[in-house]
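Read the numbers this way: they start at 1 and go in the same order the structure lists the ligands and their atoms. Here, residue 1 is the first one in the sequence, and each next residue gets the next number.
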Amino acid sequence: MKSVGRVLSVASECVPLVKTGGLADVVGALPGALGRLGWEMRVLMPAYRSLRAAAAGWTVVWVEEGLWGGTGRVLAGDVGGVQMLLLDAPHLFDREGGPYSGPAGDWPDNAQRFAALSWVAARIAREGLADGWVPQVMHVHDWQAGFAPAYLTYGGTGGVGTVMTVHNIAFQGWAPAAMMGELRLPFEEFHPGGLEYYGGLSSLKAGLVTADRITTVSPTYATELMRPEFGMGLQGVIAARAAVVSGILNGVDEAVWSPAAEVPPFSASAMKGKAAARVALCEEFGLQVPGPLAIVVSRLTDQKGIDLLPGVMPDFIEAGGGLVVLGSGDPTLEGAVRGLAQRFPGRVGLRVGYDEGLSHRMFAGGDAVLVPSRFEPCGLTQMYGLRYGCVPVVAAVGGLADTVIHANPAAISAGVATGITFHPTDGIAFGTALRQLVVLYHDKPKWARVQRNAMKQDVGWDHSAAAYAALYAEISG
Ligand code: ADP
Ligand code: GLC
């Protein structure tokens, strides 16, 4: 397709190279989805240790001297059709561990590391790459890239438009005010309407006050963010920019998340494969479950409401239900789920760790996916659930509220119900939702209808990509 424009996407994670959460899925999916609409997107992210060997032979398209204690080189290469730009700055990124932390916890120089990513992004946006590629739009993701629109704005935009997407407001990139100079920020911008944030600095706020457009990953989260319960201190900043804030739902990669591609395959009109997958999943975990088999695939953190499981599971299991959990994170939450598995052998299974293959088998074999989040900017697993007829049972917040239609009698008879939603996120509402799940599961015609509706729902990228494309067109003049 003829190129209608060029976008520099800037993030700290991107599938298939590095992933700690849904951010990586979205950053990895956007180039393909936007490419279909003629927008040529390149993705800039750090060359972490695990990526350096693969990028060794790539073309050098930018060199930045004096990048917080060393030289940074940007290497360009193709990864599965995505044009990647890796910032190779060994003094900042060639380290043992994850993107944000090493064996001893968070890297103490995270502010400098991601300021460096943002600095190079702004320079490339303004000047273009050595191979002649010049973007019209810079699209940055979360706190790690938050200083990029600020550097671009304060140093002269060169006509480049900026979009900042908030995937999770809980991570704000805080730094002390004393770092203003070191972070190459102009002192005259240290005021409440500018960079100052509760006496310090926040790279996320810096992006929010300087980007031309702000998006978040669902319409409901966009409105929630303007309220103190969800804004986590930034509600005023976002509300002040309401005119340029919009919510654009994430999609899922329909080729990767496809019941037709599972073994055995299944579809809305041929569900035998799903029944076989359920049997296999129960065998894998040594379970025998007469009622609904629920699954959870999640980071184990407070955000995800995992701490509610011990309270609601005994009744659900008593009613015939079962549970398989795949996740890792907070050791206390891991312990709580392990306690359930020990207390209910044959009904509750747990796998601690990260396992893409198992997650597929769980969505294929599970009857329901539980997402009892306290807040959820978008959420991807409820959408995998929809695709796989693994009926979502979700807290009605953020993107969960935007993607699941509650199975009340009217919605069922209208043929639009796709799952069960509950509010507020507490044990009472969650328990009620699970009781409804059990009743619905045993009403086979209704259950089949909800599964079918879920599997028919469009959760692909096309609609959202068009919304991003419209935004890019607006700001690239
Ligand atoms: P978040 O980004 O807040 O963690 P999302 O639902 O947006 O939540 O994205 C999480 C992504 O990570 C999904 O693709 C989900 O399947 C995946 N995931 C989370 N935990 C695991 C795990 N333990 N094993 C495999 N995949 C996981
Ligand atoms: C964040 C959010 C999640 C969202 C993901 C991708 O990690 O917690 O809700 O789906 O980003 O946008």
Side-chain angles (χ1 to χ4, degrees), residues 9 11-16 18-30 33 98-100 139-145 163-172 204 215-222 224-225 230 232 247-254 256-257 295-306 324-330 333-334 337 349-364 366 369-388 390 392 394-395 397-404 425 459 461 464 468:
S9 174
S12 57
E13 307 181 15
C14 179
V15 155
V18 178
K19 167 169 165 174
T20 71
L23 166 67
D25 293 290
V26 173
V27 173
L30 282 175
Y100 319 116
H139 184 168
V140 308
H141 300 270
D142 274 356
W143 70 270
Q144 298 91 337
V163 180
M164 164 129 221
T165 296
V166 179
H167 294 263
N168 196 331
I169 201 102
F171 304 104
Q172 305 187 341
L204 184 60
T215 71
T216 186
V217 286
S218 69
T220 293
Y221 196 54
E224 287 172 347
L225 281 180
F230 291 100
M232 300 196 187
I248 302 177
L249 265 184
N250 291 331
V252 307
D253 185 330
E254 291 173 303
V256 173
W257 293 98
I295 64 162
V296 172
V297 178
S298 183
R299 290 185 290 124
L300 304 180
T301 67
D302 281 342
Q303 173 188 342
K304 303 292 179 178
I306 302 296
V324 178
V325 177
L326 166 62
S328 63
D330 182 340
L333 296 173
E334 266 178 38
V337 181
L350 166 67
R351 181 77 51 84
V352 172
Y354 187 89
D355 188 333
E356 200 85 31
L358 174 58
S359 72
H360 278 256
R361 295 196 295 286
M362 289 170 65
F363 285 101
V369 56
L370 312 182
V371 196
S373 303
R374 295 205 161 74
F375 66 95
E376 196 59 75
C378 180
L380 298 175
T381 61
Q382 83 281 9
M383 295 201 267
Y384 306 155
L386 292 168
R387 291 273 293 162
Y388 280 65
C390 181
V394 304
V397 290
L400 301 173
D402 289 336
T403 51
V404 178
T425 303
V459 292
W461 268 108
S464 306
Y468 282 116

*asked:* For D355, give me all partners under side-chain hydrogen bond (donor to acceptor under 3.5 Å, both in side chains), at least two apart in sequence or on another chain.
replied: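 side-chain hydrogen bond (donor to acceptor under 3.5 Å, both in side chains) list for D355, sorted by chain: empty.
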In the protein, which heavy atom is nearest to [atom], and how far is it?
{"atom": "atom 1 (C) of ligand 2", "result": "H167 O, 3.1 Å"}
{"atom": "atom 8 (O) of ligand 2", "result": "Q303 NE2, 3.2 Å"}
{"atom": "atom 9 (O) of ligand 2", "result": "E376 OE2, 2.4 Å"}

*Hey, can you tell me if Y221 and F375 have their rings parallel, tilted or perpendicular (30° and 60° cut-offs)?*
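Parallel: the ring planes of Y221 and F375 meet at under 30°.
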*Should the pair Y468 and W461 be assigned to parallel (<30°), tilted (30 to 60°) or perpendicular (>60°) ring geometry?*
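Correct class here is tilted.
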Evaluate the side-chain proximity of [Y] to [X]: yes if any heavy-atom separation is below 4.5 Å, no if none is.
{"X": "D330", "Y": "R299", "result": "no"}
{"X": "Y100", "Y": "E13", "result": "yes"}
{"X": "L386", "Y": "P392", "result": "yes"}

As an exercise, identify every atom of ligand 2 less than 4.0 angstrom from a heavy atom of [X].
{"X": "V217", "answer": "12 (O)"}
{"X": "V26", "answer": "6 (C), 12 (O)"}
{"X": "N168", "answer": "8 (O)"}
{"X": "P377", "answer": "2 (C), 8 (O), 9 (O)"}
{"X": "G22", "answer": "5 (C), 6 (C)"}

*Say whether, by atom type as modelled, one donor and one acceptor occur between the side chain of T425 and the main chain of S373 under 3.5 angstrom.*
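Checked: pair present.
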*For G399 and ligand 2, answer yes if some heavy atom of the residue is under 4.0 Å from a ligand atom, otherwise no.*
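In this structure, G399 fails to qualify as a contact of ligand 2 - no heavy atom is under 4.0 Å.
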*Name all residues meeting the salt bridge (Lys or Arg N to Asp or Glu O under 4.0 Å) criterion together with E254; count only those two or more places apart in sequence or in a different chain, and write none if there are none.*
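Testing E254 for salt bridge (Lys or Arg N to Asp or Glu O under 4.0 Å), a comparison that skips the adjacent residues, returns R387.
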*Output all residues satisfying salt bridge (Lys or Arg N to Asp or Glu O under 4.0 Å) with D253, sequence neighbours left out; order by chain, then residue number.*
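With neighbours one apart ignored, the set is empty.
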*Can an N or O of C378 be found at a distance shorter than 3.5 Å from an N or O of ligand 2?*
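By distance alone, the answer is yes.
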*Sub-3.5 Å N/O-N/O distance, G379 and ligand 2*: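 G379 vs ligand 2: N/O contact under 3.5 Å present.
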*Under 4.0 Å, heavy atoms only, figure out whether ligand 2 is touched by the backbone of N250, its side chain, both or neither.*
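Side chain only.
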*asked:* Can you confirm whether the side chains of D402 and T220 place a donor and an acceptor under 3.5 Å from each other?
replied: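 Yes.
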_Donor + acceptor pair across side chains of Y354, E356 (<3.5 Å)_ =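 Note: Y354 and E356 side chains meet the donor-acceptor criterion.
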*Return the protein residues near ligand 1 (heavy atom under 4.0 Å from any of its atoms), ordered by chain and residue number.*
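For ligand 1, the residues that come within the 4.0 Å heavy-atom cutoff are K19, G21, G22, D25, V297, S298, R299, Q303, K304, L326, G327, G353, Y354, D355, E376, G379, L380, T381, Y384.
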*Can we say R374 and D302 salt-bridge, meaning some charged N sits less than 4.0 Å from an Asp/Glu carboxylate O?*
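Answer for the salt bridge query: no.
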